[in-house]
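The next block holds one structure in the form of structure tokens; read it before the comments.
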Amino acid sequence: MAAEPFVLGSRAKTTPSGLQGGTEKLCELCGARAHLQCPKCRVTFYCNAEHQQADWVGIHERICELLVPIRSPTNSSLQRAGRIEMQLKKAELIDICRLVAQDKLSEGKYQESLPAAEFCLRSSLDVHGSSCVQIVPAYLLLAEANIGLRNLSMAAELLSQAEWAAFKSPECGPAVRHRLHRSLGRLHVATGNLEAALFNFANDIYFSSEEYDVDSTVTCGGYFLMAEVFVQQGKMPIAHSLYSEVARIWHCHLTELVKTHNQYARDSNVLAESSIDRAQRADVDKMLRTVLEFEQNDFRKDSTQTALVAHCLAMLWFLGEDSFKARGFCNMALQASQLIPNHDLTKPICGLLQLLQGLPTEPLCF
């Protein structure tokens with residue numbers, strides 16, 4: 001049996017005992033009466049082995065030992081320094097759960113993301129209360145998981161809670177508002193309300209531009225999502241224009257990352273770590289592959305755009321140290337660029353191919 005989606009109303013009545021020191025042992029995932037105990041931390045309980053396994057895979061493996069000092073019985077007259085330390089530990093747990101949930105969402109593992117997203121929300125409510133902007137990201141994580149699982153009514157309820165928290169908080173800035181509108185747009189896409197989706201993605205772009213800049217990779221995500229809606233509406237020229245903007249922004253960003261990578265490697269004689277982590281790389285790869293497929297299927301057959309996007313993917317996987325994928329996209333980019341006389345991308349593509357010489361040619365296995 002899969003873990004049940006988070007229901008704020010019922011979970012508020014059946015908070016697991018370890019989180020707030022209750023006496024009744026309740027399941028970490030569903031709030032039912034628990035019969036099993038985690039043998040490692042001994043402060044987390046489950047109603048059955050399936051929920052225990054789902055929580056272990058989803059988040060508990062990462063936070064098991066961290067829960068012990070938080071959920072162990074403490075003196076009610078805890079000193080101020082101890083309370084501050086406890087809040088810091090809870091904040092650390094929130095950050096871990098947020099990152100784990102984001103990684104699993106990026107990989108499309110929506111069911112696995114639920115335990116981390118649920119714990120993030122419960123802990124955020126425990127630390128910040130229900131009227132603080134800090135709880136909005138946790139609501140959005142859980143809403144994204146439910147959208148992916150097609151639990152759309154649950155996602156709508158969670159986003160309504162997020163909107164209300166944002167509305168009540170004077171501290172809610174453009175960074176949070178852009179994420180809120182992006183999640184709302186995705187929900188409307190899932191329900192088929194494309195006009196409402198476009199409205200929210202437009203607000204997403206506005207607020208992300210205000211926070212990060214109009215040419216940032218964050219804002220670029222809004223362009224991409226809006227383009228996908230226009231594709232569904234059959235408005236291909238508008239989609240093409242937005243996809244071109246996505247490719248341009250990512251090409252500029254990846255070009256700078258490759259330059260920095262190569263400079264670091266020359267100066268220190270070691271490979272630099274990419275500033276794009278695995279989860280973000282998966283998101284960008286999916287986005288750019290969608291743009292590439294669109295260009296390849298477009299009747300105009302824009303070789304310039306194909307070369308640009310393929311070069312983006314080659315740089316992305318060069319930074320990800322997967323020379324097999326990088327070389328494949330490099331060759332695709334070179335073939336497209338050679339169809340255009342004196343194309344300005346031919347030289348950097350050839351330069352990247354030279355960098356790839358001598359690197360392993362086998363695909364990476366994850």
Side-chain angles (χ1 to χ4, degrees), residues 1-74 86 89-128 135 137-151 154-155 157-158 161 278-279 282 366:
M1 183 171 61
E4 294 293 326
F6 183 98
V7 182
L8 185 59
S10 63
R11 196 57 82 89
K13 299 175 185 176
T14 58
T15 303
S17 60
L19 189 60
Q20 298 192 8
T23 57
E24 187 179 11
K25 295 178 175 60
L26 303 175
C27 179
E28 182 74 11
L29 287 193
C30 69
R33 190 180 300 276
H35 309 289
L36 298 176
Q37 179 184 53
C38 173
K40 292 192 174 183
C41 67
R42 305 185 70 82
V43 293
T44 309
F45 305 92
Y46 304 95
C47 63
N48 58 46
E50 292 178 12
H51 279 196
Q52 184 174 11
Q53 176 63 19
D55 191 42
W56 180 261
V57 172
I59 187 60
H60 193 71
E61 181 180 13
R62 293 284 302 273
I63 63 173
C64 183
E65 294 183 4
L66 296 173
L67 292 174
V68 177
I70 293 176
R71 293 184 168 180
S72 297
T74 56
M86 188 65 67
K89 288 179 178 178
K90 289 180 179 180
E92 180 185 1
L93 278 176
I94 292 171
D95 287 340
I96 292 171
C97 292
R98 176 176 52 80
L99 292 172
V100 169
Q102 287 175 343
D103 284 351
K104 291 184 181 297
L105 288 173
S106 297
E107 296 171 4
K109 297 178 179 178
Y110 303 113
Q111 190 69 43
E112 284 190 21
S113 72
L114 282 177
E118 289 176 1
F119 193 99
C120 183
L121 179 53
R122 297 202 308 274
S123 298
S124 296
L125 288 167
D126 179 46
V127 171
H128 302 294
I135 68 170
Y139 274 119
L140 300 183
L141 284 174
L142 197 50
E144 291 285 348
N146 278 280
I147 291 171
L149 292 169
R150 305 296 296 179
N151 298 326
M154 175 58 62
E157 179 184 338
L158 290 160
Q161 297 276 6
R278 181 175 175 178
F366 295 101

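Around the NZ atom of Lys89, the shell of radius 6.0 Å holds more than 12 heavy atoms that belong to other residues, nucleotides or ligands.
In this structure, Cys41 and Cys64 approach most closely via the heavy-atom pair CB-O, 3.3 Å. Ala54 and Leu29 make their closest contact through CB-CD1, 3.9 Å (heavy atoms, listed as atom of the first residue, atom of the second, distance). The two residues Arg71 and Thr44 have their closest heavy-atom pair at NH1-OG1, 3.1 Å. Residues Pro69 and Glu65 come closest through the heavy atom pair CD-O, 3.6 Å. Summarising the geometry of Ile135 relative to Ser124, their closest heavy-atom pair is CG2-O, 3.7 Å, with the distance given to 0.1 Å. The minimum heavy-atom distance between Ala145 and Ser113, with the atom names listed, is CB-OG, 3.3 Å.
We find the CD1-CG distance between Ile94 and Asp126 to be 8.0 Å, quoted to the nearest 0.5 Å. Atom-to-atom distance recorded for Cys38:SG and Phe45:CZ is 9.5 Å, nearest 0.5 angstrom. Separation of atoms CG (Asp55) and CD (Glu118) is listed at 8.5 Å; rounding is to 0.5 Å. Interatomic distance, CZ of Arg122 versus CG of Leu142, reported as 10.0 Å (0.5 Å rounding). Separation of atoms CZ (Arg62) and CG (Leu99) is listed at 7.5 Å; rounding is to 0.5 Å. For the atom pair CE of Met154 and CG of Leu149, the computed distance is 11.0 Å after rounding to the nearest 0.5 Å.
Counting heavy atoms from C-beta outward, Leu105 and Tyr110 have side chains that approach closer than 4.5 Å. Side-chain contact between Val100 and Ile63 is absent, with no heavy atoms from C-beta onward closer than 4.5 Å. Proximity of His35 to Asn48: side-chain heavy atoms (C-beta onward) are nowhere separated by under 4.5 Å. In this structure, the side chains of Phe119 and His60 stay at 4.5 Å or more apart for every pair of heavy atoms. You'll find the side chain of Leu158 stays beyond 4.5 Å of the side chain of Leu140, heavy atoms only. Looking only at side-chain heavy atoms (C-beta outward), Gln52 and Pro39 come within less than 4.5 Å of each other. For the pair Tyr139 and Leu121, the minimum side-chain heavy-atom distance is below 4.5 Å.
A salt bridge is defined here as a Lys NZ or Arg NE, NH1 or NH2 lying under 4.0 Å from an Asp or Glu carboxylate O, and Arg33 with Glu24 meets this definition.
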TODO: Test Cys47 against Cys30 for side-chain contact (heavy atoms from CB on, under 4.5 Å), laying out the working first.
DONE: CA-CA 8 Å; Cys47 63; Cys30 69; 3.7 Å; yes

- [ ] Please report the C-alpha distance between Cys120 and Arg98 in whole Å, then the side-chain angles of each, then the deciding distance to 0.1 Å, and finally whether the side-chain contact (heavy atoms from CB on, under 4.5 Å) criterion is met.
- [x] CA-CA 6 Å; Cys120 183; Arg98 176 176 52 80; 4.1 Å; yes

